[in-house]
Structure formats: structure tokens, C-alpha cells
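For reference, the structure discussed in these notes is given below.
Numbering of ligands and ligand atoms starts at 1, following listing order. Just so you know, residue 1 is the first one in the sequence shown, and it goes up from there.
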Amino acid sequence: MDRYNSAESLVCTLSPQGPVSCIRPMAAHNAAQYFLENFPGHTLYAVKTNPHPYILETLYESGVNQFDVASLSEVALVRKNIPKAEINFLHPVKNRAAIERAYYDYNVRTFAFDSVAELEKISASTNHSKDLTLLMRLSVSNRYAAHSLTGKFGVPSATAITLLKYAAKRCERLGICFHVGSQCLDPTAYKIALQKIKKITCAANISIDIIDVGGGFPSLYPGQEPAPLADYFSEIETALTEISLLNNCEVWCEPGRALVAETGSIIVHVDARKNDLLYINDGTYGGLFDAGLLGFRYPVKCLRKSGSADLKPFIFYGPTCDSLDVMPGPFMLPSDISEGDYIEIGQTGAYSSALRTPFNGFDKLQEAILEDAPMISMYNSAESATSALNAGKL
Ligand SMILES: Cc1ncc(COP(=O)(O)O)c(C=O)c1O
């Protein structure tokens, strides 16, 4: 991949006709360092968020050596790129063949479950091996999340104790995991979930070896300004002190978005303008899914040397024929923006290229590395990022 010192210099050099997906490795490194130094436990990376080998390698080189995967393909991808990685198969519903191959071919020992049927499946597919680490996915409130994951997975409190006792006989190490929902905007969510674990572990009188607080840690987007990550970590640390944990109980987290959102920018071209509608060459079937279906606003910047400094709100349409290919924003851009201009769309490192499809033939994508800082950051200049967001500049 070619390197550029900014999106502007990339556009000057390439005048790209298709979208360019950019990676900022320093942003992944900074985020990893922050989690490794401040989270009160082990940090795993949720591979689904952005499985690009360059991201996996950057995180590994920065010290993240445990990975949360959701499929056999992700198991194989991580093993191929990082042979020494510790891989944890934390999707609560898996196919038997996937469990078997993960265990026998890829040396995976950690699996999640949320039912008796899944436990029995894991047991049968590993020939009733006892060297397993099994994590029960608990159902918890997702009320503070911008993107709720509730409903699909998770054991309700009422059946948790029976299931934990059943699992304890089938593994070497037993854990509980949960997910408060993606882009969780209030640290209280983790406290509420951990209080639920406290009640269950007291009533079950069972030793828990791992508590995995999941993902959900937020990133910065215009219109969504979460508390600093330090507040999330201290809320978790305080809530953990109230649970009687074994001395050797490990605490894990498995962030996706917070580790990699800042690593991505997409450079798009304006193909047409109709009043406040901009027709750009990437969209919800490409790298901008969250801007469409979830209505996320990304920070944007028009990449040109001169023109109006007045900003006005725009709606984006993507390149396909489908009317779902709309990103309502609003995105603040120069009032005289027109066909032929380029836009940098920031904070696209999470759930962006991972969701890209070739729908309608829009499958040409260039990739590049950018060496400058992300447009906004939770890690370095959080204060200036927040003031830029508040001033409506992004
Ligand atoms: C099991 C699991 N862990 C971690 C994550 C990462 O979540 P986030 O990107 O919100 O941190 C997800 C996302 O869906 C998940 O399903």
C-alpha cells in the first residue's frame, strides 16, 4: 500500500476516480496503547470490526495478542497473519464443523455459549475435551448504546445459574461475558451489567475465572460525544471491587470500534450535486453502512485549496440505484461544493470496509496508508476534538 502524508496529498497525486479506503496505523497503535495501559484487565480485539491484515498486525505489534472472532474464516485469518495469537471464538451460536475445526486445526480453546444446546454442541464437537475455557453470554441492558445488540444473544438471569453449573462440569475455566451494545454512550451500562453478575455469582456459589465486559466502548462522531474512556474504565474497576472475585479471576474486554474507528478515512469524489444533495462514489453498500442505516454522522472535510469557507448541511447519496443508499447526515461542507470535488470522510475504521459489498458493480477500491493524525481523536487531543465538534466544524 502506498503512503501519503495527508488526504490532500493523496488526492493531488492520484486524482482517484473510485473511493480510497485509508488506514492510519498510528491511530490503531495509540488506541491499543491506551487500552493496554489503562483498562483494568486484558484487552482482546473484536476482529469483525475491521479484519484488514494490516490492522491485525498493527494491533499485535502494539501489544494486543488476544483476538475475539465470530467465524471459522476469522479464526483462519488471524492464525494466518498472527500465528502466535490467542484466538477466542466468542460468537454464542456456532456451527459444529466450525467448532471442530477451530479446536483441532487452529488450537482454539475458548468458546462462548448461551444455551444448553450450544454447550452440548461445543462438548460433542471437541470430543468432550476438558481443556476448554467456556464463557456464558449474559443478557444485559443495551439502553445506552447507539447501536443496540439486544435480543439476539444472551442468557436471562433466571436461567444463568443452572447453565453456569452445567458448564462448570465441562470446562477447565469458566467465565461470563456480556455486551452493552455498540457505541455505548454512558459508562453506567457496565456498572449495571456487573451488578447483575454480582447477584448471579453470589446466588450460584460458583467460582468464576473470567469476567469479560465485552465491547461497546465508544468513539467520537459529530453529535455523539461520549464521556472519556477513563470514566468507563473507572466505572468498571469500581463495580468489579463489589463482586467477590477469586484472586486469579481475569478481567477481559473485547473492544472493536474504540480500537479502530479512528484508523479509517474514506476519500470520495462528488459525482453530482442537486441543491443540498451530494451524489458521492461510496455509500451504504460500500464503506458507509453506519451513516446510512444507523444514521451516524462522520466528520467530513472538502479536499481543495480554495473556495467558500461558508459551511452548509448536505445529505449524501451513494452510487448505487437503491434508495436505501442514502446517508442523511447532515454533513457540513462548503456551500459552493460541486461535482469534481473530493471529500475526506473520517472515523471510518470500524464496521466500514468489513461491510463493503460489490452491489451494482461498485467494487473498485483503492487502499492507502495515511501518516497524519485522525480528524478527531479520543486519545490524543480529546479537548480540541470536542471543541471542533461543538463548533460544528466537522
Ligand atoms: C461478541 C462481540 N464482542 C465485541 C464486539 C465489538 O463491539 P464494539 O465494536 O461495540 O466494541 C462485538 C460487536 O458486535 C461482539 O458481537
For a quick check under 3.5 Å, do [X] and [Y] share a side-chain donor-acceptor pair by atom type?
X    : Y    : value
S129 : Y103 : yes
Y285 : D322 : yes
W252 : E254 : no

Lys/Arg N to Asp/Glu carboxylate O, [X] vs [Y], below 4.0 Å:
X    : Y    : value
K94  : E118 : yes
E367 : R356 : no
E172 : R109 : no

- Relative to atom 3 (N) of ligand 1, which among H91, Q183, E254 owns the nearest non-hydrogen atom? E254

Considering heavy atoms of the protein only, find what lies nearest to [atom] and give residue, atom and distance to 0.1 Å.
atom                    : value
atom 10 (O) of ligand 1 : S182 OG, 2.6 Å
atom 9 (O) of ligand 1  : Y351 OH, 2.6 Å
atom 2 (C) of ligand 1  : K48 NZ, 3.2 Å
atom 5 (C) of ligand 1  : H179 NE2, 3.3 Å

Which pairs of donor and acceptor atoms, one on a side chain in residues 143-150, lie under 3.5 Å apart (sequence neighbours left out)?
from, atom 1, to, atom 2, distance (Å)
R143, NE, S141, OG, 3.4
S148, OG, T150, N, 3.2

Ligand-residue contact atoms, ligand 1 with [X], heavy atoms, under 4.0 Å:
X    : value
R137 : 1 (C)
R257 : 8 (P), 9 (O), 11 (O)
L149 : 14 (O)
D68  : 2 (C), 3 (N), 4 (C)
A46  : 4 (C), 5 (C), 6 (C)
G256 : 6 (C), 8 (P), 9 (O), 11 (O)
G215 : 7 (O), 11 (O)

- Query: Do the ring planes of F217 and Y190 sit parallel (below 30°), tilted (30 to 60°) or perpendicular (above 60°)?
  - Reply: parallel

- Item | G216-ligand 1 polar pair, N/O distance under 3.5 Å | yes

- When you measure from the side chain of E339 to the backbone N and O of R273, does any donor-acceptor pair fall under 3.5 Å? no

- Message: Can you tell me if P255 contacts ligand 1 (heavy atom of the residue under 4.0 Å from the ligand)?
- Response: yes

- Counting heavy atoms under 4.0 Å, the part of K152 that contacts ligand 1 is neither

- Query: For F39 and Y232, what are the C-alpha separation, side-chain angles and deciding distance, and is it a ring pair (Phe, Tyr, Trp, His ring centres under 6.0 Å)?
  - Reply: CA-CA 9 Å; F39 178 75; Y232 287 74; over 10 Å; no

